[in-house]
Undergrad: 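Here it is, the structure, as structure tokens.
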Protein chains: 2
Amino acid sequence: MEITIGLVEDHSEFRQSLVFLISSFTDYQVVWSLGSVKEALDNQDPVDVILLDINLPDISGIEALPLFRKKNPEQKIVMLTIQDDEESILNAIKAGADGYILKKTSPQKILEAIRQVYEGGAALTPMVAKQVLAMFTPPKAKADTHSSLTPRETEILDLITQGITTVMIAEKLFISPQTVRNHIKNIYEKLQVHSKSQAVAKALKERIV
Amino acid sequence: MEITIGLVEDHSEFRQSLVFLISSFTDYQVVWSLGSVKEALDNQDPVDVILLDINLPDISGIEALPLFRKKNPEQKIVMLTIQDDEESILNAIKAGADGYILKKTSPQKILEAIRQVYEGGAALTPMVAKQVLAMFTPPKAKADTHSSLTPRETEILDLITQGITTVMIAEKLFISPQTVRNHIKNIYEKLQVHSKSQAVAKALKERIV
DNA sequence: CCTAAAATAACCCAAACGGGCTATTGTAAC
DNA sequence: GTTACAATAGCCCGTTTGGGTTATTTTAGG
């Protein structure tokens, strides 16, 4: 069975070589290949798999993902990009990408990835998979960074992340609100933040509490 | 460069055929292959990659993972199992597995996975990768609960969780700080909170952002 | 025994915050 | 065409916050 492919990639040279490459295999057929999301969204035939760059002129690949999904939900979408930062990967995943492979990936692996998503799986370049898995493991290296927090400080930070006010914390711990404020100030200094909201964000994201 | 491999698998038939298979390739060498975690932990030479079953007689592969890590942190560990439920996958990932492949995977793919983790990446069978990615996409039931937030409000809440100050948000969005404050007030009302820190806590815990 | 660190508490002050209220504009729905 | 809502923006006012500084008591470690 032949897999039909759509390609959105602004770098025309890379795009053409990719088309040439994929088309040289009998089981794969590039139905359309375009340089912008806009062109792709306007009147393009549905395909089995879309290869989508992230860094694009008009609309980024991440923003485009839900748009393609809306137009044709059963189309599989694989990000094909040079971006290998956690931010991009996470955004793509949250947007519902079926795959995330890097441009430096060998042609065979790209074709393999296409087949994998076509068959209902997901495809991740090893380096991307590594980063995805890392998102699950609590970064205990960072725990060290903040082990500088004293038990009392940790306790108070915990209460802050529960949204309890300074005064209520004081009451709960049977100490003066002023003391709570002092602890909070020390926490700020150690965490390098300047407000409660920043502290909460950091605490929750880095799993200090 | 030859990759050394350790194998923990209680089903002796499958184990032996796997040893035979892997050893038939010059770049891979099975240094030891055993039927239980206990044997493997007692006096076994360090290898580059351990293939670890989950369903084992004495200690499960998941429980064994940190033990192997402790003995020899630089050893890569790939789960090789029939378990494809979310529970098992999530536990293995949290325990720090470098790969997760299913036993039905073709021999070539297994060898490929070994090489991928050996080279510092992570290896996931497409069906497993699919489940992992699915863990990120928020069960939209929750999204509905907070769909009361307008796009602008969501945007601002997102920026708040990044620890950005009101004034900086205003600058970033090219609107007046006062408008930002108004949006924030509306967010408070909808989320039933009374401060930025509470909003951040709620947003992060309930994955609104 | 003495020193270091932690926990406690107070003061000042400018800036920010939270809550309340009103108002205009644009857009989408009925 | 008017009703509804989102986004914009302003004002007031009292409270809280963040940043700076100082000081006492207790606990732990050398």
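In what follows, chains carry the letters A, B, and so on, assigned in the order in which the sequence lines appear, proteins first and then strands, with residues in each chain numbered from 1.
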Undergrad: Atom CD1 of A:Ile156 and atom C1' of C:dA9: how far apart are they, to the nearest Å?
TA: 13 Å

Undergrad: Give me the atom names and distance for the closest heavy-atom approach of A:Gln116 to A:Ala122.
TA: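 Scanning both residues completely, I find the closest heavy atoms to be OE1-O, 4.1 Å.
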
Undergrad: Round to a whole Å and report the spacing from CG of A:Leu157 to P of C:dA7.
TA: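 Roughly 13 Å, once rounded to whole Å.
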
Undergrad: Rounded to whole Å, please give me the gap between CD in B:Glu153 and C1' in D:dT8.
TA: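 Checked: the CD to C1' distance equals 13 Å.
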
Undergrad: Show your working on side chain to side chain donor-acceptor pair (under 3.5 Å) between B:Lys196 and B:Thr166 and close with a plain yes or no.
TA: CA-CA 10 Å; B:Lys196 281 191 184 177; B:Thr166 302; 2.7 Å; yes

Undergrad: Is the phosphate of C:dT8, meaning OP1 or OP2, less than 4.0 Å from a side-chain N or O of A:Thr179?
TA: no

Undergrad: Less than 4.5 Å apart, side chain to side chain, heavy atoms only: is that true for A:Leu80 and A:Ile101?
TA: yes

Undergrad: What verdict does the salt bridge (Lys or Arg N to Asp or Glu O under 4.0 Å) test give for A:Arg152 and A:Glu155, after you've listed the backbone C-alpha separation in whole Å, the side-chain angles of each residue and the deciding distance to 0.1 Å?
TA: CA-CA 5 Å; A:Arg152 198 56 151 178; A:Glu155 189 179 10; 2.9 Å; yes

Undergrad: Could you list the donor-acceptor pairs under 3.5 angstrom formed between side-chain atoms of residues 173-181 of chain B and any protein atom two or more places apart in sequence or on another chain?
TA:
residue: B:Ser176; atom: OG; partner: B:Gln178; partner atom: N; Å: 2.9
residue: B:Gln178; atom: OE1; partner: B:Arg181; partner atom: NH1; Å: 3.2

Undergrad: Base, sugar-phosphate alone, or nothing: which one does A:Ser176 contact when heavy atoms must sit under 4.0 Å apart?
TA: sugar-phosphate

Undergrad: If you check every side-chain atom of A:Pro151, which of D:dT8, C:dA10, C:dA7 has the closest atom?
TA: C:dA7

Undergrad: A:Glu39 and A:Gly35: which non-hydrogen atoms are nearest, and at how many Å?
TA: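 Taking every non-hydrogen atom into account, OE2-N, 3.8 Å.
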
Undergrad: Once you round it to whole Å, what is the distance between C1' of D:dG18 and CD1 of A:Ile187?
TA: 13 Å

Undergrad: Apply salt bridge (Lys or Arg N to Asp or Glu O under 4.0 Å) to residues A:Asp42 and A:Lys71 and explain how you reach the verdict.
TA: CA-CA 10 Å; A:Asp42 294 347; A:Lys71 261 200 93 177; over 6 Å; no

Undergrad: Any side-chain heavy-atom pair from A:Ile54 and A:Tyr100 closer than 4.5 angstrom?
TA: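 Yes, their side chains come closer than 4.5 Å.
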
Undergrad: How many whole angstroms separate atom CG of A:Asn186 from atom P of C:dA9?
TA: 14 Å

Undergrad: In whole Å, what is the span from the CZ atom of B:Phe174 to the P atom of D:dT8?
TA: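 Distance, rounded to whole Å: 12 Å.
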
Undergrad: Looking at five pairs on each end of the helix from C:dT3-D:dA28 to C:dC30-D:dG1, what is the angle between the two axes, given to 10 degrees?
TA: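 The two end axes of the helix from C:dT3-D:dA28 to C:dC30-D:dG1 meet at 60°.
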
Undergrad: What is the distance, to the nearest angstrom, from the CD1 atom on A:Ile175 to the P atom on C:dA10?
TA: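 Distance, rounded to whole Å: 11 Å.
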
Undergrad: To the nearest 0.5 Å, what is the distance between CG on A:Asp48 and CD1 on A:Ile3?
TA: 6.5 Å

Undergrad: Can you measure B:Arg152 atom CZ to C:dA28 atom C1' for me and round it to whole angstrom units?
TA: 18 Å

Undergrad: For each nucleotide in nucleotides 11-25 of chain C, reading 5' to 3', give B when a protein heavy atom comes within less than 4.0 Å of its base, S when such contact involves only the sugar-phosphate, and - otherwise.
TA: B-----SSBBB----

